[in-house]
Amino acid sequence: MRLTTITAIATLTAGAAFAQDDMTPSITASDQPLENGVVSAESITAAENGWLVVHRTDSEMAPGPVVGHAPIRMGTTEDVAAILTEDVAAGDMLMLMVHSEAGGNETGIFEYTLGAEEDGPIRVDGDLVTTVITAE
């Protein structure tokens with residue numbers, strides 16, 4: 001019995017370590033109503049602490065001005081909510097993006113402005129980590 005318990009613990013520990021190694025940044029979100037002034041991501045995975053940043057966008061799919069942000073932790077976090085700092089109307093497109101905490105002057109303070117290095121976007125193989133939703 002003791003050997004079985006140790007084997008089970010070792011197996012679970014190895015599985016958890018493997019899961020920690022696979023922290024490719026990603027974001028999952030769906031179209032949603034925004035009357036409450038909050039936009040939510042269903043799940044975010046990040047290899048470091050950082051930010052969920054909400055940009056305006058359009059059919060060109062270029063990130064525009066920031067209209068909200070929320071802190072995220074390293075690893076996978078479910079149901080991340082960002083308070084919007086501007087009104088968003090039904091039909092507006094929003095780009096949810098994973099940003100880093102790196103490069104800023106103060107930890108825990110969102111310092112990014114469009115095009116800045118501080119708390120800038122995370123890239124995987126040169127691509128931004130984003131998803132686009134439409135306000136309902």
Side-chain angles (χ1 to χ4, degrees):
M1 177 70 170
R2 184 168 185 225
L3 181 59
T4 303
T5 302
I6 292 171
T7 303
I9 290 170
T11 302
L12 289 172
T13 304
F18 177 75
Q20 289 289 329
D21 289 341
D22 185 27
M23 287 197 293
T24 302
S26 64
I27 184 167
T28 303
S30 303
D31 294 349
Q32 56 196 274
L34 302 176
E35 298 93 23
N36 62 358
V38 175
V39 62
S40 296
E42 295 152 14
S43 176
I44 298 176
T45 300
E48 60 186 89
N49 292 338
W51 303 96
L52 161 62
V53 178
V54 183
H55 293 266
R56 288 195 182 274
T57 193
D58 56 24
S59 60
E60 300 293 319
M61 298 298 169
V66 173
V67 297
H69 64 279
I72 56 174
R73 294 182 190 169
M74 178 177 72
T76 299
T77 306
E78 307 292 323
D79 193 25
V80 178
I83 296 173
L84 297 171
T85 57
E86 295 180 11
D87 290 336
V88 175
D92 286 355
M93 296 173 68
L94 298 174
M95 178 178 285
L96 282 61
M97 186 180 299
V98 179
H99 279 234
S100 172
E101 173 64 26
N105 296 314
E106 295 185 64
T107 301
I109 304 297
F110 183 66
E111 301 174 74
Y112 179 80
T113 56
L114 202 55
E117 296 293 321
E118 299 83 10
D119 298 341
I122 291 177
R123 296 179 181 268
V124 175
D125 297 328
D127 296 324
L128 296 169
V129 180
T130 69
T131 193
V132 175
I133 67 162
T134 301
E136 296 178 338

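Shortest non-hydrogen contact noted between G68 and A82 is C-CB, 4.5 Å. In this structure, A81 and A70 approach most closely via the heavy-atom pair O-CB, 3.3 Å. Among all heavy-atom pairs drawn from M95 and M61, the shortest one is CE-O, 3.2 Å. Shown here for P121 and M97, the closest heavy-atom pair between the two residues is CB-SD, 3.6 Å. For P25 against V124, the heavy-atom pair with the smallest separation is CD-CG2, 3.8 Å. Taking every heavy atom of both residues into account, A135 and V88 meet most closely at CB-CG1, 3.8 Å.
Distance check, rounded to the nearest 0.5 Å: OG1 of T113 to CD of E118 gives 7.0 Å. From S100, atom OG reaches atom CD of E117 across 11.0 Å, with rounding to the nearest 0.5 Å.
In the hydrophobic clustering of this structure, I27 groups with L34; members are Ile, Leu, Val, Met, Phe, Trp, Tyr whose side-chain heavy atoms approach within less than 4.5 Å, directly or through other members. Cluster membership check: W51 does not share its hydrophobic cluster with V67, using side-chain heavy-atom separations under 4.5 Å among Ile, Leu, Val, Met, Phe, Trp and Tyr. Cluster membership for I72 and Y112, using ILVMFWY side-chain heavy atoms within less than 4.5 angstrom, is not shared.
Considering only residues two or more places apart in sequence or on other chains, D92 meets the salt bridge (charged side-chain N to carboxylate O under 4.0 Å, His left out) condition with R56.
For the pair D119 and V53, the minimum side-chain heavy-atom distance is 4.5 Å or more. For the pair E101 and T107, the minimum side-chain heavy-atom distance is below 4.5 Å. A heavy-atom distance below 4.5 Å is not found between the side chains of T134 and E136. Annotation: side chain of L84 is in contact with side chain of V39 (closest heavy-atom distance under 4.5 Å). The closest side-chain heavy-atom distance from I122 to E48 is below 4.5 Å. At a threshold of 4.5 Å between non-hydrogen side-chain atoms, the residues L128 and P63 count as touching. N49 places none of its side-chain heavy atoms less than 4.5 Å from the side chain of P71. The side-chain heavy atoms of L52 and L96, taken from C-beta on, include a pair separated by under 4.5 Å.
Aromatic ring orientation, F110 versus H69: parallel (interplanar angle below 30°, classes split at 30° and 60°).
Of the possible donor and acceptor atoms, one in the side chain of E111 sits under 3.5 Å from a partner among the backbone N and O of E106. A distance-only check finds no donor-acceptor pair linking the side chain of H99 to the backbone of G50 [under 3.5 Å].
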